[in-house]
Amino acid sequence: MERRVRVRFAPSPTGPLHIGGVRTALYNYLFAKKHGGDFLLRIEDTDQTRFVPGAEDYIIESFRWLGVNFDEGVGVGGNYGPYKQSERKELYKPYAEQLVKNGWAYYAFDTAEELDKLRKEAEAQKKTFQYDCNTRGNLCNSLTLSAEELEKRLASGETFVIRFKFPKDTEIEVQDLIRGQVVINSNLLDDKVLFKSDGMPTYHLANVVDDYLMKISHVIRGEEWLPSAPLHVMLYKAFGWEKEMPQFAHLPLLLKPDGNGKLSKRDGDRLGFPVFPLEWHDPKSSEISSGYREQGYFPEAVINILAFLGWNPGTEQELFSLNELIDVFSLDRISKSGAKFDLEKAKWFNHQYMLQKPAKEIAQLFLPVLQSKGIENVSSEYLEQVCTLSKDRVNFVSELWEQASFFFQAPESYDEQVVKKRWNETSAAHLKKISEILNTAAFDKQTLHDEVANYIQNNSLNMGQIMNCLRLSLVGAAKGPDLFEIIVLLGKSESTKRITKACEVLG
RNA sequence: GCCCCGUUCGUCUAGUUGGCCCAGGACGCCAGAUUUUCAUUCUGGAAACCAGGGGUUCGAAUCCCCUACGGGGUACCA
């Protein structure tokens, strides 16, 4: 029988979630929905020293904005809770001890300082110290201590960690849905700490135990986890959970757009694109990192951008809604190599959504911008029409002001380049005539166009010359949509007023 | 250092079983068209000899090996 698909996104709340994480979550979500399964949010806060206040809410808010919804987990509940590892704290130790009992793990009493020293010594000899099958026999642990000594130490409350005991000379196979089979020899692996001296499990233990208890069917996570996948596979074996072991899929990483290395938090503001879904105010440094939302990206665009960073549908279609992505998504179309973020393409995606979106929706988003510029009392119809005329010309709502401000305030100055090129001593006289036409002709786009064109033709004038002067007087620059659309929208009196003023100023 | 993963236009990538690929699409770039301007739009173009070198084969981007380069890991972080 097919197992029910259950996947999880399991971030640790150590700061804002970056887009690599968002993409991982997205792929999990798409996979779950594609197969009619469940998508859960589990918070992995086993490292108490790295906890950052606000990070958890940030994560939840990010996915709410993106429209990626969890079926279960922190913030939504479910039958397998709690979904925050710190709230499951008590549950892990028995599992670790079970492994000690059945010989798959052992207590270790070496202090962090002692191990540090060993590492430094090894380093001095250009070697690497590893706590493994070759060294554990010489260290302080339940494999080397006598039974009485061990008993004494445990009874006295001395702190310890529990380490996994890798068997010697074993080829460990990991089946990866993206990479195929990966094999590694156990002698190369170190005896990872499963349970820390502060009473918390490490990622490895908590992850495997929780995935098992939460009946996770597929683990889709970043490639940085591939090296520890053999450990996880062995843990399932050690617990006797081989049948319940999820399938693994390790995603390629998101790389810096320039240079080398994986995308980091710092890259965003350095290179002019956000690495976070939402703006993040660091509680400690009070540093602000920009977010897609605040930069004016549409959530649909961000989804689309991220989906295509490391995956593609194999067709030439590039624009997909979230639901369409669910339809066509599959893990075997994920590429193996890392992807660099392309800012230009990201803008293009946003532009595509700008084209698609109804003016009404854009108007809603533009309203706050107008208010910030002190523009009040604009009718929603007027605003909407401005958006209809202008939205195709920008990538972001925030650029709309630059493109369309003249619809709300008369030009204060006139682009000098254009003045120099187009305005001459006869311009004012002609514009006054055109102003008269505007006042007498039927006030619709087509009629106005024809009348003005007639005037220009009858007087053997240059179309470009006159039209550009007219535009200059209304807009103040050589930009904007169709001139007669502008005139009709601005209205008769405003248009003539602007023409008159331009004639006065420019002579 | 050691281990693992990867490598097709500047970027994202198609190319899954070797022949239809002297490699296709998209972004960006360049040119032209349209236009009263700017932008959109449309048309066209430059752009990867498939990391390099060896094989296997009648035939390889596609299979094998080596090298180089890139990335990840190597913590009582996730």
Side-chain angles (χ1 to χ4, degrees), chain A residues 10-14 44-47 49-50 108 110-112 115-116 119 122-123 126-131 159-163 174 176 178-179 182-185 188-190 192-204 206-207 221-230 250 252-253 255 257 260-262 305 308-318 332-333 335-349 351 355 390-394 403 415 418 421-422 449 452-453 456 462-472 475 477-484:
Chain A
S12 62
T14 55
E44 310 219 327
D45 53 350
T46 53
D47 186 352
T49 63
R50 294 211 305 162
D110 320 85
T111 64
L115 294 176
D116 228 40
R119 279 194 193 98
E123 207 176 313
K126 297 225 164 193
K127 286 182 188 161
T128 311
F129 167 77
Q130 195 165 274
Y131 209 122
T159 62
F160 60 84
V161 300
I162 295 176
R163 284 180 182 272
V174 178
D176 187 276
I178 295 171
R179 281 151 222 286
V182 178
V183 184
I184 180 140
N185 187 287
L188 272 359
L189 271 10
D190 66 325
K192 275 274 170 324
V193 171
L194 301 176
F195 194 81
K196 300 186 274 189
S197 59
D198 66 356
M200 283 292 232
T202 60
Y203 169 86
H204 308 290
N207 197 256
R221 78 228 297 195
E223 196 185 6
E224 69 269 25
W225 293 110
L226 190 54
S228 49
H250 290 94
L253 264 16
L255 274 18
N260 309 320
K262 71 171 172 178
I305 292 163
F308 271 71
L309 242 34
W311 171 89
N312 79 85
T315 63
E316 288 185 359
Q317 185 181 346
E318 294 201 279
D332 51 58
R333 295 209 61 88
S335 51
K336 295 183 175 73
S337 48
K340 291 181 179 173
F341 184 88
D342 184 345
L343 179 60
E344 291 307 321
K345 186 126 192 190
K347 287 181 188 166
W348 176 81
F349 269 114
H351 179 72
L355 298 178
S390 309
K391 76 186 182 77
D392 295 3
R393 319 166 80 83
V394 299
Q403 195 58 230
D415 188 308
V418 184
K421 192 169 167 199
R422 307 286 190 181
H449 172 269
V452 172
I456 292 170
N462 179 313
M463 192 79 166
Q465 194 71 24
I466 299 302
M467 293 299 275
N468 278 300
C469 287
L470 184 54
R471 178 176 293 278
L472 192 64
V475 177
K479 66 176 183 190
D482 182 88
L483 244 190
F484 296 97

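Here the structure is a predicted model, which is why all the values come from computation and not from measurement. Keep in mind that the numbers below use all heavy atoms, side chains included, and drop hydrogens, waters and symmetry copies. Per chain, numbering begins at 1; letters A, B, ... match sequence-line order.
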>> Holding to ring pair (Phe, Tyr, Trp, His ring centres under 6.0 Å), I want the full list of residues that pass it with W225(A), two or more places apart in sequence or in another chain.
In response: Y203(A)
> Who are the ring pair (Phe, Tyr, Trp, His ring centres under 6.0 Å) partners of Y131(A), not counting sequence neighbours?
Replying inline: none
When the [atom1] atoms of [N] and [M] are considered, how many whole Å apart are they?
N       : M       : atom1 : answer
rA68(B) : rA51(B) : C1'   : 8 Å
rG28(B) : rG45(B) : C1'   : 14 Å
rA23(B) : rG18(B) : C1'   : 15 Å
rC42(B) : rU67(B) : P     : 49 Å
rC50(B) : rC22(B) : C1'   : 12 Å
rG52(B) : rA48(B) : P     : 13 Å
rC77(B) : rA14(B) : P     : 38 Å

>> Using every non-hydrogen atom in the two residues, find where T46(A) and T202(A) come nearest and quote the distance to one decimal.
In response: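 Residues T46(A) and T202(A), closest heavy atoms: OG1-C, 4.5 Å.
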>> Minimum heavy-atom separation for H351(A) and V394(A), please, with both atom names.
In response: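 Taking every non-hydrogen atom into account, ND1-O, 2.9 Å.
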Provide, to the nearest angstrom, the distance between the [atom1] atom belonging to [X] and the [atom2] atom belonging to [N].
X       : N       : atom1 : atom2 : value
L253(A) : rC4(B)  : CG    : C1'   : 13 Å
L188(A) : rC2(B)  : CG    : C1'   : 7 Å
F349(A) : rC27(B) : CZ    : P     : 10 Å
N207(A) : rC77(B) : CG    : C1'   : 13 Å

Where do N or O atoms of nucleotides 61-67 of chain B meet protein N or O atoms at under 3.5 Å, pair by pair?
none

> Mapping E316(A) and T46(A) onto RNA chain B by nearest heavy atom, which one lands closer to the 5' end?
Replying inline: E316(A)
Pairs under 3.5 Å (N/O, protein and nucleotides 73-76 of chain B):
residue : atom : partner : partner atom : Å
rC76(B) : OP2  : R163(A) : NH2          : 3.3
rC76(B) : O2   : S197(A) : N            : 2.7
rC76(B) : O2   : S197(A) : OG           : 2.6
rC76(B) : N3   : S197(A) : OG           : 2.9
rC76(B) : N4   : D110(A) : O            : 3.1

> What do the steps show when you test I178(A) against K336(A) for side chain to side chain contact (heavy atoms under 4.5 Å, CB included), and what is the final call?
Replying inline: CA-CA 7 Å; I178(A) 295 171; K336(A) 295 183 175 73; 4.3 Å; yes
For [N], what is the paired nucleotide under Watson-Crick or G-U wobble rules, both distances under 3.5 Å?
N       : answer
rC38(B) : none
rA48(B) : none
rA61(B) : none

> Could you go step by step and tell me if Q465(A) and R422(A) meet the side chain to side chain contact (heavy atoms under 4.5 Å, CB included) rule?
Replying inline: CA-CA 6 Å; Q465(A) 194 71 24; R422(A) 307 286 190 181; 4.2 Å; yes
> Which letters describe nucleotides 5-15 of chain B, given B = protein heavy atom under 4.0 Å from base, S = only from sugar-phosphate, - = neither?
Replying inline: SSS--BBSSSS
> Reading nucleotides 30-38 of chain B 5' to 3', which nucleotides get B (base under 4.0 Å from a protein heavy atom), which S (sugar-phosphate only), which -?
Replying inline: ------BBB
> Should the pair R50(A)-D47(A) be classified as a salt bridge under the 4.0 Å nitrogen-to-oxygen rule?
Replying inline: yes
